[in-house]
Amino acid sequence: MTAVVTPILHVDMDAFYASVATRDRPELRDQPVIVGGGHRGVVLSASYQARAFGVRSGMPGAQARRLCPQAVTLAPDFDAFSTVSRAVMETFRRVTPLVEVASLDEAFLDVGGAVRRLGPPEAIAEQLRARIHDEQGITCSVGLAATRSVAKLASRRAKPDGVLTIAPDQVVEQLHPLDVGELYGVGESTRSALRALGLHTVGDVARMPLEVLQHHLGRASGAHLMDLALGTDRSEVVARNAAGFGLGEPDRSMGAQETFGRDSADRGFVLRQLLRLAARVCRRMRGAGKVGRTVAITVRYADFRTLNRSRTLPEPTDVTQEVYRTAVALYDALGAHRDRLRLVGVRVEGLVSRAGVHHQLELGEPDHGWADADRAVDRAVARFGSAVVGPASLLRHDRGTRRSVAG
DNA sequence: TCTGGGGTCCTAGGACCC
DNA sequence: TCTGGGGTCCTAGGACCC
């Protein structure tokens, strides 16, 4: 039996949010559809019909509507996206346990151990595509290669609704003519830096001495980029869920941020937002059994300048009041009370499992009561549902009617 | 109607310790 | 009496991804 040379699959749903949002609405099947992009928002997903007008995800909603005024705009339903995503990932796991979920709509699979059972990787890719189409009513594209980064590149070039294999002996001819920006991890900033060095294509980078690359990009980034350009990235596919999607993953941080409906220079308003966000983050942490020591805030000014400030506590916490107090101290230390802000965020970093932390009990500890209060709130949420507190429902509706926990 | 919200990882400088 | 050198923690910032 010959060795499997392209056992790594990268599966990427086509226009995932837009596809899920319209799959039960045949009247929208051939329409330009935009998901997201409401007031002060950006496009989360655009159907291929909308993309034909130049609409892209990440684009401000206002710009998208200028480009394609006839597009149907839908609010995101993250509960539905998550449900479809979980089902898709389960389909993958019926083929191989080596499924690395990268986000709601994409995953890497190592099918090297499944070829005896299911046939060559290309056949497996087609089986998966057929199953997902039958079971979920959406299409996906698959890239096959010997490495993750090349597989990822292949899936993008296979879109929409296609399959592309890049065998090891094709890597140079396929990769090297591409713009460096096509490489995973090369965004606009790195691309500009590389262009300033006269490096435009992947091949240009591959021919550069490693030391020169590292001098300009840093040690780790330079080495990583060279690996990508040569197609020699050896990182393996590990079975895991994506960060931020729960299920026992070692989350390193949890946070929440929100752009205001309109810019505000009102300290009282900002503090109420910080409390809401701290409460939301801490509730999620308690639900996940996590505590963290570093509290960070994000402040974005009306002119889009964005600052981060953080403070590390003596002990990890999941207590809303403690995170809130720290967030307020960080905000006050900025001296931004007179400035108009468009967004604040609260994040807790350095998360560890609460079970592994021995809490130092102090006499007359003031936070004890607050921890009790948190648990009472958690019980109320568990009993009456999270319709007004869950992140998904906040995004779906309630923007005007959201209940404030601020006192 | 300009520019979301969830994350991860890397770098660099200063403090601090041995 | 003339300033090493490495490791770790903390903080700030930035790039990037979906």
Side-chain angles (χ1 to χ4, degrees), chain A residues 10 12-13 15-17 35-45 56-67 69 73 75-76 78 81-82 85 101-107 149 152 155-156 181 183-194 214 216-225 228 235 240-246 249-263 277 280-281 284 293-314 330 333-334 342-351 391-392 394-395 399:
Chain A
H10 181 254
D12 201 332
M13 303 300 128
F16 181 56
Y17 294 173
V35 177
H39 179 58
R40 305 197 110 180
V42 300
V43 174
L44 296 177
S45 179
R56 297 287 181 271
S57 55
M59 176 180 280
Q63 186 183 352
R65 275 184 291 284
R66 273 199 301 276
L67 288 168
T73 300
F78 284 101
F81 302 153
S82 297
S85 177
V101 182
S103 71
L104 276 183
D105 74 330
E106 63 177 293
S149 61
K152 165 104 184 158
S155 73
R156 199 193 309 184
L183 293 177
Y184 184 84
V186 177
E188 205 31 64
S189 177
T190 304
R191 182 166 176 267
S192 300
L194 292 172
Q214 289 180 312
H216 286 95
L217 300 179
R219 238 175 72 91
S221 308
H224 182 58
L225 180 60
L228 295 182
S235 59
R240 70 168 175 214
N241 293 301
F245 298 108
E249 274 309 293
D251 292 306
R252 308 215 190 287
S253 69
M254 286 190 189
Q257 61 178 50
E258 224 173 74
T259 298
F260 307 150
R262 56 165 52 147
D263 299 342
L277 296 167
R280 195 187 300 173
V281 171
R284 280 180 55 210
R293 279 182 66 202
T294 302
V295 177
I297 65 165
T298 297
V299 169
R300 178 167 292 155
Y301 295 94
D303 66 3
F304 225 71
R305 240 178 347 116
T306 306
L307 296 181
N308 297 286
R309 289 294 181 271
S310 63
R311 178 171 299 178
T312 300
L313 305 172
L330 289 165
L334 272 181
R342 67 174 284 135
L343 165 150
V344 290
V346 175
R347 174 165 294 279
V348 180
E349 302 169 348
L351 300 189
L394 282 170
L395 281 161
R399 275 213 180 261

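Note on naming: letters A, B, ... go to the chains in the order of the sequence lines (proteins, then strands), and numbering restarts at 1 for each one.
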pair_partner(B/dC18), Watson-Crick or wobble, both distances < 3.5 Å, evaluates to C/dG5
Under 4.0 Å between any heavy atoms, over every strand shown, what does A/Arg262 touch: base, sugar-phosphate, or nothing? Just pick one. nothing
Would you please confirm or rule out a distance under 4.0 Å between OP1 or OP2 of B/dT3 and any side-chain N or O of A/Arg342? yes
How long is the line joining OH of A/Tyr17 and P of B/dG4, in whole Å? 16 Å
Protein-nucleotide distance (A/Arg240, atom CZ; B/dT8, atom P), rounded to Å: 10 Å
If I take atom CE in residue A/Met59 and atom P in nucleotide C/dC18, what distance separates them, rounded to the nearest angstrom? 17 Å
Rounded to whole angstrom, note down the C1' distance from B/dC17 over to C/dG4. 14 Å
Under 4.0 angstrom, heavy atoms only, what part of the nucleic acid is A/Val186 near: base, sugar-phosphate, or nothing? sugar-phosphate
Sugar-phosphate only, base, or nothing, as touched by A/Leu44 at under 4.0 Å among non-hydrogen atoms: base
Can A/Phe304 be said to stack with the base of B/dT3, given centres closer than 5.5 angstrom and planes under 30 degrees apart? yes
Which word best sums up how the rings of A/Tyr17 and A/Phe81 line up, parallel for under 30°, tilted for 30 to 60°, or perpendicular for over 60°? parallel
Could you check how far CG of A/Leu330 sits from P of C/dG13, rounded to whole Å? 12 Å
With a 4.0 Å cut-off on heavy atoms, is A/Arg219 in touch with a base, just the backbone sugar-phosphate, or nothing at all? sugar-phosphate
C/dA15 phosphate, OP1 or OP2, under 4.0 Å from A/Ser189 side-chain N/O: yes
Here the distance between atom P of B/dC9 and atom NE2 of A/His224, to the nearest Å, is 12 Å
Taking any heavy-atom pair under 4.0 Å as a contact, classify A/Thr190: base, sugar-phosphate, or nothing. sugar-phosphate
Quick one: A/Gln63 CD to B/dC2 P, roughly how many Å, whole number? 12 Å
Answer with yes or no whether the side chains of A/Thr259 and A/Arg342 bring together a donor and an acceptor at under 3.5 Å. no
What integer distance in Å separates A/Glu349:CD from B/dT8:P? 9 Å
For a quick check of understanding: with a heavy-atom distance under 4.0 Å over all strands, which category does A/Arg300 fall into, base, sugar-phosphate or nothing? sugar-phosphate
For A/Arg56 and B/dG4, what is the distance between atoms CZ and C1' respectively, to the nearest whole Å? 19 Å
Side-chain-base donor-acceptor pair under 3.5 Å for A/Arg309 and C/dT11: no
Do the side-chain N or O atoms of A/Thr259 get closer than 4.0 angstrom to the phosphate oxygens (OP1, OP2) of B/dG5? yes
A quick test of your reading: do over 12 heavy atoms of other residues, nucleotides or ligands sit less than 6.0 Å from CZ of A/Arg219? no
Tell me what A/Tyr184 touches on the nucleic acid: a base, only sugar-phosphate, or nothing, going by heavy atoms under 4.0 Å. sugar-phosphate
Any side-chain donor paired with an acceptor under 3.5 Å for A/Thr294 and A/Thr312? yes
